[in-house]
Amino acid sequence: MNIFITGGTGFIGTSLSNALSARGHRVYILTRSLKNPTHESNIIHVDGDPARKGPWLERLMECDVVINLAGATIFKRWTPAYKKTLIKSRIDTTRNIVEEITRNKKSDLLLISASAVGYYGFHDDEAVDENAAPGSDFLASLSAEWERTALEALCCGARVIINRFGIVLGKGGGAIHMMMPLFRYWLGSRLGNGMQYFSWIHLYDLINIFIYQIENKGLSSIYNCTAPNPVTNRELTKAISIAMKKPLILPPVPGFMLKLVMGEFADVLLKGQRVIPKRLLDEGYSFRFPEINRAIMDILE
């Protein structure tokens, strides 16, 4: 298949591109950092800005599958200006893709668009699956709008899959990459009371979920891309501490301090969601890393 990826140069996109290429698919990666398209085996880089219409959309229309991963990181302080960046990087990109699919009546195309488990808002320890309603905070509203924009492609008959990501853990990037230096220097500690849930997924499983969706024709739905066993922040911190052989010696980081430093984004770290991948489990998907301890050990070995 010919597969087009926005956000293909990031932590998830790079691993996904390599995995799809290794399976014989031709992968087109949209990037702003290239002056001229280059070819690497089955991976082809296409010059363009996903938030702006351009010639890259013509190449996209030649593909069988579009994977939309573009979006600025949420792991920053959410100033009013940065909130606009978060919105623009997701909604404008998705709208450009969907409008092109609709204009060309591309009914034989599969669009897989990213979203986030932040869609559900904050639920304390209540378990939620794909049937739960959206929350009302900023991240939930952004995720809901992101999904609505992608689902407009259904109007022309295209298949659409929405993947709601948990926090992705893997080698060389993601949340673990940011946390490891703290633990290495004995600075690791739980956040707030540590009882907030952390819905996570190993990068290996996330990549395999994409492959499963692409290579099983007929799928068109919303999926929680999370491990079946979410953990609390306390459990996550303990798992990293054990794996790195760095005992926890510092007291918890007070919630008020996080809010002082990170502003509104601190709620994502202090509240969280307990998300279950019901649809994947119902369809018989088998996770290689369903438990946090095994996942952390694999990443750090």
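For the numbers below, each heavy atom of this structure counts, side chains included, while hydrogens, waters and symmetry mates do not. Not measured: the values here are computed from a predicted model. Along the sequence shown, residues are numbered consecutively beginning with 1.
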Closest approach of [X] to [Y] (non-hydrogen atoms, all atoms of both residues):
| X | Y | result |
| --- | --- | --- |
| Ala239 | Asn293 | CB-OD1, 3.2 Å |
| Thr232 | Gly194 | CB-O, 3.4 Å |
| Leu86 | Thr73 | CD2-O, 3.3 Å |
| Ala153 | Leu111 | CB-CD2, 4.2 Å |
| Val98 | Thr149 | CG2-O, 3.4 Å |
| Pro277 | Ala227 | CD-O, 3.7 Å |

Within the 4.5 Å heavy-atom criterion, are [X] and [Y] side-chain neighbours or not?
| X | Y | result |
| --- | --- | --- |
| Leu109 | Asn104 | no |
| Ile292 | Glu235 | no |
| Phe287 | Asn229 | no |
| Lys271 | Asp137 | no |
| Thr102 | Glu152 | no |
| Leu154 | Ser220 | yes |
| Ser189 | Leu248 | no |
| Leu191 | Val253 | yes |

Main-chain N/O of [Y] paired with [X] side-chain donor or acceptor, under 3.5 Å:
| X | Y | answer |
| --- | --- | --- |
| Asn224 | Thr226 | no |
| Asn163 | Ala114 | no |
| Asn96 | Pro50 | yes |
| Lys88 | Ala51 | no |
| His25 | Met1 | yes |
| Ser21 | Ser17 | no |
| Ser241 | Thr237 | no |
| Arg234 | Asn193 | yes |
| Arg288 | Asp205 | no |
| Thr31 | Asp47 | no |

Problem - More than 12 heavy atoms of other groups within 6.0 Å of Lys238 NZ - result: no
Exercise for the section: Answer yes or no: does atom NZ of Lys53 have more than 12 heavy-atom neighbours from other residues, nucleotides or ligands under 6.0 Å? Expected result: yes
Exercise for the section: If the plane angle is over 60° it's perpendicular, under 30° parallel, otherwise tilted; pick one for Phe165 and Phe210. Expected result: perpendicular
Handout entry: Other cluster members, Val275 - Ile/Leu/Val/Met/Phe/Trp/Tyr, side-chain contacts below 4.5 Å
Key =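 Under the 4.5 Å side-chain rule, Val275 groups with Val117, Tyr119, Tyr120, Val128.
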Exercise for the section: Each residue besides Phe289 in its hydrophobic cluster should be listed here, by chain and number; the cluster joins Ile, Leu, Val, Met, Phe, Trp and Tyr at side-chain heavy-atom distances under 4.5 Å. Expected result: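 Result for Phe289 is Tyr204.
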In one Ile/Leu/Val/Met/Phe/Trp/Tyr side-chain cluster, 4.5 Å: [X], [Y]:
| X | Y | result |
| --- | --- | --- |
| Ile74 | Phe122 | no |
| Met195 | Trp200 | no |
| Leu236 | Met297 | no |
| Tyr197 | Val168 | no |
| Ile211 | Ile67 | yes |

Handout entry: CA sep, side-chain torsions, deciding dist, call: Ile162, Trp146, side chain to side chain contact (heavy atoms under 4.5 Å, CB included)
Key = CA-CA 10 Å; Ile162 302 292; Trp146 196 8; over 6 Å; no
Going from [atom1] on [X] to [atom2] on [Y], what distance comes out if it is rounded to the nearest 0.5 angstrom?
| X | Y | atom1 | atom2 | value |
| --- | --- | --- | --- | --- |
| Leu300 | Ile242 | CG | CD1 | 12.0 Å |
| Leu169 | Ile296 | CG | CD1 | 5.5 Å |
| Glu301 | Lys171 | CD | NZ | 5.0 Å |
| Glu100 | Leu60 | CD | CG | 7.5 Å |
| Ile167 | Ser199 | CD1 | OG | 8.5 Å |
| Asp49 | Thr6 | CG | OG1 | 11.0 Å |

Problem - Among Lys83, Arg77, Lys259, salt bridge (charged side-chain N to carboxylate O under 4.0 Å, His left out) partner for Glu264 - result: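 With Glu264 as partner, Lys83, Arg77, Lys259 yield a single salt bridge (charged side-chain N to carboxylate O under 4.0 Å, His left out), made by Lys83.
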Exercise for the section: Applying side chain to side chain donor-acceptor pair (under 3.5 Å), name anything that partners Arg90, two or more places apart in sequence or on another chain. Expected result: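 Arg90 satisfies side chain to side chain donor-acceptor pair (under 3.5 Å) with no residue once adjacent residues are dropped.
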Problem - Partner residues of Tyr212 under the side chain to side chain donor-acceptor pair (under 3.5 Å) criterion, sequence neighbours left out - result: Glu283
Practice task
Just do the side chain to side chain contact (heavy atoms under 4.5 Å, CB included) check on Leu20 and Val65 with the steps written out, would you?
Solution key: CA-CA 12 Å; Leu20 292 173; Val65 179; over 6 Å; no
Practice task
Return each pair, listed once, that meets ring-ring contact (aromatic ring centres under 6.0 Å, His included) where at least one residue sits in residues 77-109; pairs must be two or more places apart or across chains.
Solution key: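 Qualifying pairs, neighbours excluded: Trp78-Phe138, Trp78-Phe265.
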Problem - Audit row: Asn2, Glu62, side chain to side chain contact (heavy atoms under 4.5 Å, CB included) steps and yes/no - result: CA-CA 8 Å; Asn2 291 328; Glu62 299 171 3; 5.7 Å; no
Completion exercise
By salt bridge (charged side-chain N to carboxylate O under 4.0 Å, His left out), Lys76 pairs with (sequence neighbours left out) none
Handout entry: Steps toward salt bridge (charged side-chain N to carboxylate O under 4.0 Å, His left out) verdict (Arg279, Asp282)
Key = CA-CA 5 Å; Arg279 184 157 285 115; Asp282 287 348; over 6 Å; no
Problem - Full working for side chain to side chain contact (heavy atoms under 4.5 Å, CB included) between Cys156 and Ile101 - result: CA-CA 8 Å; Cys156 69; Ile101 292 172; 3.7 Å; yes
